[in-house]
Amino acid sequence: MNVSGIIYSLLVADTAVTAICSTRIYPLTIPQKATLPAVRIATIAVQPYDSKSGASTLDAIRVQVDTYAASMRVCQQLDEAIRLAIDRHRGSVTVTGDGDYFVDGIRFENRNETMEEEKDIFRISADYQVRVHRTP
């Protein structure tokens, strides 16, 4: 399941997000020479919902969305724009080259602010639960 693609599709469709970071939204890792601000999406855990009659058709996926910026203010603005774009989203999402997914819901769970002193950049890590149907 391409949950990073789902989040990416929602974020690049949001003008408030792209006004801050353009399309610098990456799965797993941000390239070393990437311009800031930028976003990283990582899947942390997948919890299937058991079914009495077969494989799970609904997964709850914990996703961490990290925002990076040269200032805490920009980092906070980007984090807030992301939250407004995806928190409580429900519906079909098309992922280019991967098809359509039905998102049962995205829920913001928590966030943590920090500064990476050796790189002199700010980071906010936000966790979301993404519930996705595995079959149409």
Side-chain angles (χ1 to χ4, degrees):
M1 175 158 322
N2 187 356
V3 73
S4 293
I6 292 169
I7 301 296
Y8 177 87
S9 295
L10 292 171
L11 295 180
V12 298
D14 189 89
T15 57
V17 172
T18 58
I20 300 171
C21 71
S22 184
T23 58
R24 293 184 299 274
I25 303 166
Y26 305 96
L28 294 179
T29 187
I30 295 176
Q32 282 189 339
K33 303 287 183 179
T35 302
L36 297 179
V39 177
R40 181 185 78 99
I41 304 165
T43 299
I44 304 302
V46 177
Q47 176 69 45
Y49 282 87
D50 288 332
S51 169
K52 292 180 182 181
S53 60
S56 171
T57 59
L58 178 69
D59 286 342
I61 305 160
R62 185 170 159 230
V63 176
Q64 182 174 316
V65 179
D66 294 328
T67 57
Y68 294 86
S71 76
M72 182 53 82
R73 181 173 179 241
V74 172
C75 202
Q76 290 168 335
Q77 289 170 339
L78 180 55
D79 177 71
E80 183 64 21
I82 290 169
R83 184 171 176 184
L84 289 171
I86 66 175
D87 191 24
R88 300 300 177 182
H89 175 83
R90 185 173 198 272
S92 183
V93 177
T94 299
V95 177
T96 304
D98 201 29
D100 293 335
Y101 291 91
F102 184 78
V103 176
D104 191 52
I106 299 175
R107 183 184 74 217
F108 171 78
E109 292 188 334
N110 60 62
R111 72 179 232 167
N112 181 344
E113 296 180 356
T114 188
M115 179 180 185
E116 295 186 6
E117 294 181 29
E118 67 278 356
K119 297 177 186 175
D120 201 28
I121 59 174
F122 295 88
R123 182 184 81 203
I124 296 177
S125 295
D127 290 339
Y128 294 86
Q129 182 186 81
V130 182
R131 293 170 40 102
V132 180
H133 285 273
R134 295 182 58 232
T135 56

Following the transitive rule for hydrophobic clusters with a side-chain heavy-atom cut-off under 4.5 Å over Ile, Leu, Val, Met, Phe, Trp and Tyr, establish whether [X] and [Y] coincide in one cluster.
| X | Y | result |
| --- | --- | --- |
| Ile61 | Ile44 | no |
| Val65 | Val46 | yes |
| Phe122 | Ile41 | no |
| Val17 | Val74 | yes |
| Ile124 | Leu78 | no |

All salt bridge (charged side-chain N to carboxylate O under 4.0 Å, His left out) counterparts of Asp14, not counting sequence neighbours: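 In terms of salt bridge (charged side-chain N to carboxylate O under 4.0 Å, His left out), with neighbours along the sequence ignored, Asp14 is linked to no residue.
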message: Which residues pass the salt bridge (charged side-chain N to carboxylate O under 4.0 Å, His left out) test with Glu117, not counting sequence neighbours?
response: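 Salt bridge (charged side-chain N to carboxylate O under 4.0 Å, His left out) list for Glu117, sorted by chain: empty.
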Working to the nearest 0.5 Å, report the span between [atom1] of [X] and [atom2] of [Y].
| X | Y | atom1 | atom2 | value |
| --- | --- | --- | --- | --- |
| Ser71 | Ile121 | OG | CD1 | 12.0 Å |
| Tyr68 | Ile30 | OH | CD1 | 5.5 Å |
| Ile7 | His89 | CD1 | NE2 | 9.0 Å |

task: Just jot down the side-chain hydrogen bond (donor to acceptor under 3.5 Å, both in side chains) partners of Gln32, sequence neighbours excluded, or say none.
output: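 For Gln32 there are no side-chain hydrogen bond (donor to acceptor under 3.5 Å, both in side chains) partners, ignoring immediate neighbours.
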query: Listed by chain and number, what are the side-chain hydrogen bond (donor to acceptor under 3.5 Å, both in side chains) partners of Asp100, not counting sequence neighbours?
result: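 With sequence neighbours excluded, Asp100 shows a side-chain hydrogen bond (donor to acceptor under 3.5 Å, both in side chains) to Thr94, given in chain and number order.
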task: Search all heavy atoms of Thr43 against all heavy atoms of Ser4 and return the closest pair with its distance.
output: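 Taking every non-hydrogen atom into account, OG1-OG, 4.4 Å.
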Closest non-hydrogen atom pair, Thr18 against Val12: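 Of all heavy-atom pairs spanning Thr18 and Val12, the closest is CG2-O, 3.5 Å.
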task: Could you list all the salt bridge (charged side-chain N to carboxylate O under 4.0 Å, His left out) pairs where at least one residue sits in residues 29-49, not counting sequence neighbours?
output: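 Output for this query lists Arg40-Asp66.
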query: Given Met115 and Asp120, is the side chain to side chain contact (heavy atoms under 4.5 Å, CB included) satisfied, shown in steps?
result: CA-CA 7 Å; Met115 179 180 185; Asp120 201 28; 2.9 Å; yes
For residues 104-113, tabulate all N or O donor-acceptor pairs below 3.5 Å that involve a side-chain atom, not counting sequence neighbours.
from: Asp104; atom 1: OD1; to: Arg90; atom 2: NH2; distance (Å): 3.1
from: Asp104; atom 1: OD2; to: Arg131; atom 2: NE; distance (Å): 3.1
from: Asp104; atom 1: OD2; to: Arg131; atom 2: NH2; distance (Å): 2.9
from: Arg107; atom 1: NH2; to: Glu109; atom 2: OE2; distance (Å): 2.8
from: Arg111; atom 1: NH1; to: Asp79; atom 2: OD2; distance (Å): 2.5
from: Arg111; atom 1: NH2; to: Glu113; atom 2: OE2; distance (Å): 2.2
from: Glu113; atom 1: OE2; to: Gln76; atom 2: NE2; distance (Å): 3.2

Which donor-acceptor pairs under 3.5 Å do side chains of residues 19-29 form with protein atoms, sequence neighbours excluded?
from: Arg24; atom 1: NE; to: Thr35; atom 2: O; distance (Å): 3.1
from: Arg24; atom 1: NE; to: Pro37; atom 2: O; distance (Å): 2.9
from: Arg24; atom 1: NH2; to: Pro37; atom 2: O; distance (Å): 3.2

With sequence neighbours excluded, residues passing side-chain contact (heavy atoms from CB on, under 4.5 Å) with Tyr101: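 Testing Tyr101 for side-chain contact (heavy atoms from CB on, under 4.5 Å), a comparison that skips the adjacent residues, returns Met1, Asn2, Ile6, Val95, Asp98, Val132.
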